[in-house]
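All values below come from the heavy atoms of this structure, side chains included, with hydrogens, waters and symmetry mates left out.
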Amino acid sequence: MFQYYFLLGVRSLRRNPALTALMVLTLAVGVAASIATLTILHVMSGDPIPQKSNRLFVPLIDNGPTEGYAPGDKPNDNQMSYPDAVNLLNSQAGERRTAIYGIALAIEPERKDIGAFTAQGLAPTSDFFNMFDVPFLHGQGWSPADDRNAADVIVLSRKLAAKLYGDADPVGKRVTAGGFQFQIVGVLDTWNVVPRFHRIIGNDEGAFDDEDEMYIPFATAIRHEFQRNGSTSCTGDTAPGFQGFLKSECTWIQFWFETRSAGDRAELQSFLDSYATEQRKLGRLKRAAPNALYDVREWLDHLKVVGNDSKLSAWLAFGFLVLCLVNTIGLLLAKFSVRAPEVGVRRALGASRREIFTQFLIETTVVGLVGGALGLLLAFGALALIAMQSKALTLVAHMDWIMMLTTFAMAVASAVLAGLLPTWRACQVTPALQLKSQ
């Protein structure tokens with residue numbers, strides 16, 4: 001019987017094509033808006049490195065001015081000064097450590113068909129690549145010895161390597177960046193992390209989906225006096241020149257620790273507190289603000305990567321879906337009302353209200369299935385369009401399939417719920433009145 005009513009529902013789609021098209025399109029737009037919005041929100045708020053996000057920590061040490069400070073205030077900056085970064089690198093705390101800051105260097109290609117251009121990148125230490133599970137297509141990251149010697153070595157992104165050398169393996173070749181010759185030691189493979197995470201781990205400039213194009217040793221960037229590409233906060237007087245900048249309390253470096261286990265967090269926090277106490281005794285740190293330690297998820301929340309406006313967008317998407325369902329109810333009422341004579345004839349021939357109810361409810365389910373399927377296609381199209389506008393952003397690849405299927409099931413279930421009132425109204429048709437009027 002279900003199959004019979006299902007086939008009737010499919011055939012009924014052609015009875016009133018205008019109303020059917022409006023219902024299907026209304027549901028499809030609501031589903032597409034919900035899926036697209038939730039997918040973008042999922043990409044922005046997802047755990048970028050779930051296998052170790054509870055073992056990676058950002059320390060914040062407050063070296064701000066005493067003016068305007070009240071006891072209990074949190075650190076007023078998300079970055080660290082050069083003296084603190086060097087001290088923590090030499091501390092041997094945690095399993096791995098890296099100091100990072102963003103750079104932007106002029107690249108001078110050997111190829112004559114490519115002019116000089118500026119590329120953005122990071123200046124971390126060698127631990128960076130293992131800490132964040134960075135994949136390599138060719139070669140590898142530099143060694144700790146390269147960090148100690150401030151060697152002129154560089155790691156290129158896959159995109160930049162392809163631009164400069166095509167499909168060839170460039171490891172061992174030299175490239176001019178920032179006016180200096182660097183030896184290429186590695187080329188990154190596609191790095192499947194949440195796009196915004198590329199900005200969070202050191203370089204706060206750029207678009208949502210920008211990927212860093214090159215990596216050079218932290219010590220090398222300091223030796224060549226490469227300026228910070230991004231925001232810098234300074235307090236007090238700063239001596240002139242880059243070296244004076246290094247000796248100041250300007251905050252422009254991001255620091256990360258990796259511990260052997262999540263349980264080592266308390267030990268790392270104790271070390272950080274002891275270090276801050278020691279620096280206060282030396283007169284470097286003026287404020288007694290508590291030191292903060294954030295794991296990856298806490299860091300994303302702290303930086304408000306997913307702001308309240310994004311969360312509001314998700315609620316608006318659901319509200320839009322509800323609005324579409326209300327419109328669907330009205331369209332179903334109009335569709336079923338014109339079929340009152342048909343219901344009267346069927347009732348007169350012996351069909352029960354339950355059978356009428358089942359038939360119309362299955363027809364509503366068919367509309368929900370078609371609308372949900374079209375909504376999925378529209379969502380894929382919208383996400384693909386956004387990806388094209390946002391260069392490397394592959395939203396479809398980050399789509400949560402469970403969420404997608406759940407949204408589709410909700411669309412069908414919502415269509416069925418929306419059809420309850422019109423279906424119930426259709427069951428109340430009086431056969432005698434319909435036969436008399438016909």
Side-chain angles (χ1 to χ4, degrees), residues 42-62 74-75 77-80 84-101 122-136 140-148 155 186 188-203 212 215 217-219 253-279 289-306 398 400 402:
H42 174 71
V43 170
M44 294 177 65
S45 62
D47 191 340
I49 186 166
Q51 67 274 20
K52 56 166 57 176
S53 61
N54 61 348
R55 295 192 290 117
L56 293 169
F57 299 96
V58 176
L60 291 187
I61 300 173
D62 194 345
K74 294 181 179 180
D77 204 329
N78 294 327
Q79 302 179 104
M80 186 175 291
D84 286 327
V86 172
N87 290 338
L88 294 184
L89 282 174
N90 296 330
S91 69
Q92 303 303 309
E95 184 179 18
R96 295 187 179 98
R97 298 151 299 284
T98 186
I100 313 170
Y101 78 96
L122 295 180
T125 63
S126 57
D127 278 346
F128 169 85
F129 302 104
N130 287 326
M131 289 176 68
F132 295 100
D133 292 344
V134 181
F136 279 84
Q140 59 187 1
W142 56 83
S143 67
D146 291 325
D147 282 329
R148 292 191 297 270
V155 170
L188 298 192
D189 202 348
T190 303
W191 191 4
N192 293 321
V193 298
V194 171
R196 185 60 183 166
F197 198 55
H198 285 295
R199 299 296 105 196
I200 294 172
I201 54 178
N203 193 352
D212 297 301
Y215 305 79
F218 177 79
I253 296 169
Q254 191 176 111
F255 201 93
W256 286 82
F257 284 108
E258 180 183 350
T259 59
R260 292 185 181 275
S261 68
D264 293 336
R265 177 172 184 163
E267 180 181 347
L268 184 59
Q269 180 70 60
S270 176
F271 161 77
L272 197 63
D273 293 339
S274 299
Y275 170 77
T277 300
E278 176 187 349
Q279 295 302 308
N291 307 298
L293 201 62
Y294 297 93
D295 66 18
V296 172
R297 296 306 298 266
E298 292 168 349
W299 187 239
L300 294 173
D301 292 338
H302 174 71
L303 296 181
K304 293 182 173 56
V305 173
V306 182
H398 291 91
D400 189 324
I402 296 178

**Student:** Measure across Ala99 and Ala85 and return the closest heavy-atom pair with its distance rounded to 0.1 Å.
**Tutor:**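 Taking Ala99 first and Ala85 second, the nearest heavy atoms are CB-CB, 4.2 Å.
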
**Student:** To the closest 0.5 Å, what do you measure between CZ (Phe57) and CH2 (Trp256)?
**Tutor:**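 The CH2 atom of Trp256 is 10.0 Å from CZ of Phe57, to the nearest 0.5 Å.
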
**Student:** Does a side-chain heavy-atom distance below 4.5 Å link Leu188 with Tyr215?
**Tutor:**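 Leu188 reaches Tyr215 side chain to side chain.
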
**Student:** Compare every heavy atom of Phe257 with every heavy atom of Met131, then report the nearest pair and how far apart it is.
**Tutor:**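 So the two residues come closest at CE-C, 3.7 Å.
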
**Student:** Give a yes or no on whether the backbone of Ser270 and the side-chain of Ser274 come within a donor-acceptor separation of less than 3.5 Å.
**Tutor:**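 At least one qualifying donor-acceptor pair exists.
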
**Student:** Find the distance between NE2 (His302) and CG (Asn78) and round it off to the nearest 0.5 Å.
**Tutor:**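 Rounded to the nearest 0.5 Å, the NE2-CG separation comes to 3.5 Å.
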
**Student:** Check Glu95 with Lys52, please: is the shortest side-chain N to carboxylate O separation under 4.0 Å?
**Tutor:**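 Result for this pair is no, no salt bridge flagged.
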
**Student:** Is Phe218 close to Asp147 at the side-chain level, that is, under 4.5 Å between some pair of heavy atoms?
**Tutor:**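 No, every pair of side-chain atoms sits at 4.5 Å or beyond.
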
**Student:** Is a side-chain donor or acceptor of Asp127 paired with a backbone partner of Thr98 at a separation under 3.5 angstrom?
**Tutor:**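 The answer is no, because no donor-acceptor pair under 3.5 Å joins these two groups.
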
**Student:** Would you name the heavy atoms of Phe136 and Gly141 that are closest together and state the gap between them?
**Tutor:**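 Scanning both residues, the minimum pair turns out to be CZ-N, 3.3 Å.
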
**Student:** Rounded to the nearest 0.5 Å, what separates atom CZ in Arg265 from atom CZ in Arg55?
**Tutor:**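 Between Arg265 CZ and Arg55 CZ, I get 14.0 Å after rounding to 0.5 Å.
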
**Student:** Less than 4.5 Å apart, side chain to side chain, heavy atoms only: is that true for Arg96 and Thr125?
**Tutor:**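 Not touching, per the 4.5 Å side-chain cut-off.
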
**Student:** Measure the CG-CD distance between Leu293 and Glu298 for me, rounded to the nearest 0.5 Å.
**Tutor:**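 So the gap between those two atoms works out to 8.0 Å.
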
**Student:** Distance check, rounded to the nearest 0.5 Å: Glu258 atom CD versus Asn130 atom CG?
**Tutor:**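 Answer for the CD-CG pair, Glu258 versus Asn130, is 8.0 Å.
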
**Student:** Give the intermediate values and the outcome of side-chain contact (heavy atoms from CB on, under 4.5 Å) for residues Met80 and Leu88.
**Tutor:** CA-CA 10 Å; Met80 186 175 291; Leu88 294 184; 3.6 Å; yes

**Student:** For the pair Phe132 and Phe128, name the ring-plane relationship: parallel under 30°, tilted 30 to 60°, perpendicular over 60°.
**Tutor:**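 Tilted, since the angle between the ring planes falls between 30° and 60°.
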
**Student:** If I compare all heavy atoms of Phe271 with all of Ser91, which pair ends up nearest, and what's the gap?
**Tutor:**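 Answer, listing the atom of Phe271 first, then Ser91: CZ-CB, 3.4 Å.
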
**Student:** To the nearest 0.5 Å, how far apart are OG in Ser143 and CZ in Arg148?
**Tutor:**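 Going from OG on Ser143 over to CZ on Arg148, the span is 7.0 Å.
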
**Student:** Go through the structure and list residues passing side chain to side chain donor-acceptor pair (under 3.5 Å) with Gln269, not counting sequence neighbours.
**Tutor:**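 Testing Gln269 for side chain to side chain donor-acceptor pair (under 3.5 Å), a comparison that skips the adjacent residues, returns Asp273.
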
**Student:** What's the shortest heavy-atom distance between Gln79 and Leu60, and which atoms?
**Tutor:**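 Between these two residues, the closest heavy atoms are N-CD2, 4.3 Å.
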
**Student:** What closest approach, in Å, do Ile49 and Val296 show between heavy atoms, and which atom pair accounts for it?
**Tutor:**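 Nearest pair, atom of Ile49 first, then Val296: CG2-CG2, 4.2 Å.
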
**Student:** Checking side-chain polar atoms at under 3.5 Å, does Tyr275 have a donor or acceptor matched by the opposite partner on Asp84?
**Tutor:**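 On atom types as modelled, these side chains qualify, holding a pair under 3.5 Å.
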
**Student:** With sequence neighbours left out, what residues match Thr259 under side chain to side chain donor-acceptor pair (under 3.5 Å)?
**Tutor:**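 Scan of Thr259 (side chain to side chain donor-acceptor pair (under 3.5 Å), adjacent residues dropped) gives none.
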
